[in-house]
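Since this is a predicted model, take the numbers as computed values, not measurements.
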Amino acid sequence: MAFWIASSPHNHMQSETSAIMRLVIYATIPGILAQWYFFGWGNIIHISLAIITALIAEFTVLSLREKKITNQLFDGSAILTAVLIGISLPAIAPWWISVLGTAFAIVIVKQLYGGLGHNPFNPAMAAYVMLLISFPLEMTSWQPPLELMALPLNFIDTLSVVISGFTVDGYSVEQLRMHIDGFTMATPLDTVKTNLTMGLTINESMENAVIGNNFGIGWEWINAGFLLGGLFLLAKKAINWATPLSFLTSLFVCSFVAFLLSQDSNASTMFHWFNGACMLGAFFILTDPVSGATSIKGRLIFGALAGFLVFIIRKYGGYPDAVAFSVLLCNMAAPLIDQYTRPRTYGHNITRNAPKNSGDK
Amino acid sequence: MASVIERIKRGHFWTFHGGIHPPQQKFLTSDKPIRAISIPEQLILPLQQHIGIPAQLQVKVGDKVLKGQALTYGAHPMAVPIHAPTSGIITAIKNAVIAHPSGLSELCLFITPDGEDKWRPRSICTDFNQLTNNQLIDKISSSGISGMGGAGFPTQVKVSTREDIQYLIINAAECEPYITADDLLIREHSPSILDGINILDKILSPDHVLIGIEDNKPQAIKALQQATADNAKINVCVLPTKYPTGGEKQLIQILTGQEVPAGVLPSSLGIVMQNIATCFAIADAVINDTPLIKRVVTVSGQALEKPQNVWSLLGTPVGYLLAQCGYLNKDKKHIIMGGPMMGYSLPTDQVPVVKTTNCILAPTEKEISSPYSTGSKEVECIRCGQCSDVCPSQLLPQELQWSAKAKDQQQLAKLNLFDCIECGACAYVCPSQIPLVHYYRIAKSEIRQQKQLDIKAEHAKVRFEARKERLARDKIAREEKHKAAAEARKARMNSGSTAGNNEKSAVAAALARVKAKKAGQAEPDKTSVSEAPENGQKSQVAAAIARAKAKKLAAKKSKSTETSVVADNVTGNTESSIDDKKAKIAVAVAKAKAKKRDDKLTTPTESNPVADKDIETTLNADIKSVTATDNKKAKIAAAVAKAKSKKLHKKSEKPEKSKAGSSIAKQEDNEAMSSEVEPVKSADDKKAKIAAAVAKAKAKKLASQKEKVTTPVDNSSTDNKVINTETEIKTPEEVKKAKIAAAVAKAKAKKIASQQEKSEST
């Protein structure tokens with residue numbers, strides 16, 4: 001007759017960390033679909049490569065650390081990091097870019113700092129920044145939207161480019177990026193930035209083929225897809241509302257003020273919202289609980305800081321898209337934000353002379 | 001506070017931060033009445049079933065007790081008595097496992113019921129309004145009533161608060177899943193409960209009485225509303241179901257909007273809270289003179305055939321209740337005392353029901369999984385923040401968990417660890433399945449232990465400092481004493497009194513002896529290094545003994561007889577260099593005889609020549625006996641002693657100036673010392689012999705010189721003669737040797753005498 005001793009509480013909500021991670025991965029599907037539709041198979045190939053690399057890297061490191069493999073390998077965090085890296089990379093980047101980036105993210109940024117729950121930086125974004133700075137050529141060879149491409153690019157071609165750098169027919173990456181008129185196409189953000197330095201106004205930049213009718217062919221739908229996924233996560237309470245809301249609000253406010261000040265040299269608010277990695281960052285990167293702030297107030301400050309930094313770097317910085325850099329800077333600031341935004345404990349520092357109204361029925 | 005009561009009347013309550021909605025599971029027992037069960041075979045009553053200290057035992061093993069008889073008595077307000085739940089015999093008073101998460105044992109009373117269930121005499125109180133408040137509180141305290149909601153605070157302390165009470169809050173929330181004990185009690189006994197509330201109303205006279213109840217108990221709400229329909233003071237407040245609404249601080253915040261400041265009792269805010277079952281017990285105690293001997297316990301869980309609320313006698317083993325309700329699990333048992341959120345697992349089913357037990361939970365595997373079946377699913381914290389979203393105390397469980405794992409006690413204090421009410425909401429929602437409350441409990445106990453150690457260390461420090469001071473004071477006192485004694489001694493010695501002079505001379509003589517010895521010992525080659533220090537020690541010891549004796553004699557004698565002192569010193573010295581025991585003894589005997597003689601001399605009687613002669617003959621005989629021994633040293637020493645005593649005897653007939661005498665005494669001393677030292681050590685040495693001859697010549701010269709100077713020199717010559725004559729008594733060989741020795745000795749004596757004079761002059 002054995003008696004089992006356990007500590008209260010004995011009931012549990014039965015939610016698990018792996019369930020949250022799975023939910024987040026599911027929420028990226030709309031965005032990935034949009035990517036596939038507009039840009040082809042490139043990102044999906046990179047996501048697959050990244051997942052394989054991530055699992056192998058995590059397995060190796062967990063074995064070295066003598067941790068329980070079964071629990072931790074498939075808790076979803078490594079796969080999520082791989083998916084995010086795969087989404088962020090250019091579609092026709094070489095295969096070793098994603099392999100290297102994922103290995104760096106898992107081994108160095110995550111496990112070396114202590115594994116799940118201990119990493120101060122978002123692994124996906126840290127890996128992206130490392131790749132961007134180390135291999136600028138490969139990381140800026142963005143594939144144009146399929147409808148603008150002069151050359152065909154089916155699945156086999158994409159696979160061939162990723163692995164060898166040339167399509168089956170022998171076209172190189174540079175050739176793939178050529179518009180039918182002979183100029184190399186870049187992302188909408190990059191296009192606008194370059195044109196501004198060349199002296200064109202925003203309105204003139206907007207005539208570029210890459211921009212299309214709204215904010216950028218393909219990119220606007222990808223961001224819309226990630227926005228949808230993010231709203232789904234909010235509804236499921238897998239992420240907190242504070243960070244996305246404050247990030248988007250802060251970016252909106254900054255770009256709105258700039259737009260009012262000078263319409264000719266500042267892009268519109270929606271242009272900022274629906275380009276680059278804005279929505280991905282808002283709902284999937286900044287909301288990473290491990291590297292973000294903890295209290296509500298802290299998260300609001302965290303998101304606001306990120307939005308501000310994204311705007312500043314996009315406008316004045318050297319890179320067209322700034323989400324990765326601003327995320328890393330905010331990760332650095334998170335512990336300090338946490339320390340100064342601790343909530344008031346019940347029974348301490350009560351404001352007298354008024355019954356505390358913490359909410360009504 | 002008018003706005004508060006207005007809001008209450010409107011049903012417009014506040015809310016507290018966080019909270020969770022676990023599945024209620026109350027359907028298992030909420031539709032069945034409270035069942036009365038038969039008396040168990042044995043009752044185990046822990047002496048302490050409340051917060052505070054246990055009361056004092058009034059019974060012993062073998063006593064027969066009646067139902068309701070007080071088994072302990074508490075004079076202290078925090079000591080609550082216990083009563084016999086049924087009549088029977090006390091079979092044991094020993095340690096047994098009690099209802100506590102630790103599973104430790106404490107002192108318990110074991111009662112074997114006799115089946116008669118016989119009451120002690122009781123007296124009904126028909127109208128409690130006639131009693132004074134003090135009488136009512138007395139009745140409550142003597143009936144052993146403490147909080148029955150779970151904490152167990154002594155009720156008499158709570159109701160005897162001196163503060164002005166605005167709100168008396170009756171806690172009928174029962175927010176934890178599975179538990180329906182209060183629900184059923186209200187449904188079946190609302191009039192008694194109302195009596196209890198009225199009694200409390202009389203004692204505390206609050207402005208308002210609020211009954212807080214959750215909206216998942218519609219029948220109980222109806223019963224309460226009916227019972228309080230004609231009492232405008234009492235408000236039944238129906239609250240939304242949320243865990244942990246029933247927590248004291250949370251309920252106060254919901255009903256009045258006020259936060260209880262940390263470390264402060266709610267009574268200081270003018271609020272007193274009592275559980276509704278305690279009100280029932282109060283009514284029983286005051287009106288029916290029935291002490292707290294039974295309570296409603298929810299026995300629930302899907303591992304039972306008949307989960308139900310039962311009237312359980314206090315002290316009933318949990319296993320008995322489970323058997324009564326048809327417990328199905330045969331091998332692996334998971335029994336929880338309390339609800340699933342705050343209850344604790346039991347290590348054995350013999351744990352008794354106590355005043356704070358409101359539920360026994362017997363879940364199946366599927367219902368509540370034990371970590372032993374599924375393995376610990378704890379993973380790392382991913383900092384999701386859901387725990388701080390649900391914490392009713394507005395803490396940061398995530399940060400607390402990091403600091404608790406790191407054992408960072410300072411950070412835990414900063415994060416207000418002790419404000420945690422251990423409700424379990426954070427651990428309930430944690431996706432990483434971290435047992436947060438467990439970590440906090442461990443951290444809290446570690447901090448408490450550390451505080452105990454700190455207090456002990458403080459005590460030890462204080463005591464150590466006091467001891468240091470005491471030792472320092474003692475040292476100073478000792479030094480003062482020494483200083484005072486030294487000054488007194490100096491004063492005595494310099495005062496010019498004879499006693500003082502005796503002391504002085506004794507001290508000087510001793511010093512001189514030591515020096516002479518040192519000098520004497522320095523010339524002849526050290527026989528053995530080990531011997532020298534030994535001899536030195538011995539001479540020191542002898543010198544000390546001699547000093548003491550001198551003091552004694554000086555104190556004894558009325559006349560100044562420094563000579564006798566000297567004699568003692570002499571003999572004392574001679575002793576120091578004799579190794580042979582026999583010789584020592586002989587010398588001691590000689591010494592004693594000499595002393596006797598001296599004593600005789602000191603007495604004011606006339607010197608009896610006959611007596612003296614007798615002594616002398618005896619001395620001679622002694623010396624002969626000594627000479628029979630092989631030890632040369634002894635022989636010489638004995639002879640010297642005899643000579644000395646004779647000398648002194650002669651001397652005593654000629655009174656002299658004390659100073660001269662003292663100098664003579666010194667000289668004699670030196671001579672004696674050297675004479676016994678020299679012959680012994682230089683007897684066999686050729687070189688020494690030569691040196692002795694030379695010295696003899698020199699001594700003769702000096703001696704002749706000295707004779708011219710003063711009369712004392714005469715004495716020395718006579719002394720020499722005396723010595724010489726004495727030595728002539730012996731065999732020619734010995735005489736020769738003695739002569740040589742004597743001459744050397746003279747020389748030595750001269751040297752030392754001169755040294756002594758020098759030292760004296762300085």
Side-chain angles (χ1 to χ4, degrees), chain A residues 1-21 68 71-72 75 77 114-118 237-240 242 287-296 298-299 334 338-339 342-352 354-361, chain B residues 4 12-17 22 103 177 240 249 253 256-262 331-336 338 340-348 363 368 370-372 377 379-385 388 392-396 398-399 416 419 424 427-429 431-433 435 437-438 441:
Chain A
M1 267 208 310
F3 285 88
W4 283 349
I5 313 291
S7 170
S8 67
H10 305 275
N11 253 0
H12 198 272
M13 208 164 86
Q14 304 304 330
S15 77
E16 289 178 6
T17 307
S18 55
I20 291 183
M21 299 289 172
K68 268 189 292 194
N71 274 6
Q72 299 201 12
D75 66 358
S77 58
L116 178 64
H118 295 269
K237 296 219 171 120
I239 58 173
N240 194 272
T287 54
D288 174 33
V290 179
S291 49
T294 44
S295 55
I296 301 278
R299 285 180 176 150
D338 271 340
Q339 196 174 356
R342 290 222 175 90
R344 180 189 69 85
T345 311
Y346 178 105
H348 293 257
N349 305 325
I350 307 167
T351 47
R352 299 273 171 191
K356 171 109 175 62
N357 256 345
S358 50
D360 289 358
K361 191 174 162 193
Chain B
V4 173
H12 207 191
F13 303 109
W14 284 266
T15 182
F16 62 89
H17 175 268
K249 296 190 172 171
Q253 190 170 22
T256 64
Q258 293 174 58
E259 259 183 53
V260 179
D331 41 344
K332 281 160 189 169
K333 302 190 180 207
H334 188 195
I335 300 173
I336 298 170
M341 302 300 295
M342 290 185 76
Y344 42 91
S345 317
L346 296 176
T348 156
I368 289 177
S370 164
Y372 291 94
K377 288 197 261 177
V379 289
E380 296 285 348
C381 167
I382 58 164
R383 295 160 52 95
C384 64
S388 49
S393 299
Q394 295 163 231
L395 297 166
L396 280 171
Q398 190 196 109
E399 302 264 348
N416 301 317
D419 280 294
Y428 181 81
V429 295
S432 297
Q433 315 247 347
V437 182
H438 198 50
R441 285 203 185 109

The interface call for D288(A) against chain B, heavy-atom contacts under 4.5 Å, is neither
Given heavy-atom pairs under 4.5 angstrom as the criterion, report whether the side chain, backbone, both or neither of L116(A) touches chain B.
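Contact with chain B: backbone and side chain both.
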With a 4.5 Å cut-off on heavy-atom pairs, point out which of G338(B), P392(B), P431(B), P22(B) contacts chain A the most.
P431(B)
Select one option (side chain, backbone, both, neither) describing which atoms of [X] are under 4.5 Å from chain A's heavy atoms.
X	answer
V260(B)	both
I336(B)	side chain
M341(B)	both

Looking at OG of S295(A) and CD of Q394(B), how far apart are the two atoms once the value is rounded to the nearest 0.5 Å?
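So the OG of S295(A) and the CD of Q394(B) are separated by 12.5 Å.
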Let me confirm one number: the OG-NE2 distance from S393(B) to H348(A), rounded to the nearest 0.5 Å.
9.0 Å
Return yes if some donor-acceptor pair links the side-chain N/O of E259(B) with the main-chain N/O of Y346(A) below 3.5 Å, else return no.
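Side chain of E259(B) to backbone of Y346(A): no pair is present.
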Looking at every non-hydrogen atom in both residues, tell me the closest pair between C384(B) and P289(A) and how far apart they are.
CA-CB, 3.6 Å
Considering residues at least two apart in sequence or located in another chain, which fulfil the salt bridge (Lys or Arg N to Asp or Glu O under 4.0 Å) criterion with E380(B)?
none
Sequence neighbours excluded, which residues qualify as side chain to side chain donor-acceptor pair (under 3.5 Å) partners of R383(B)?
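Counting only residues at least two positions away or on another chain, R383(B) forms a side chain to side chain donor-acceptor pair (under 3.5 Å) with D338(A).
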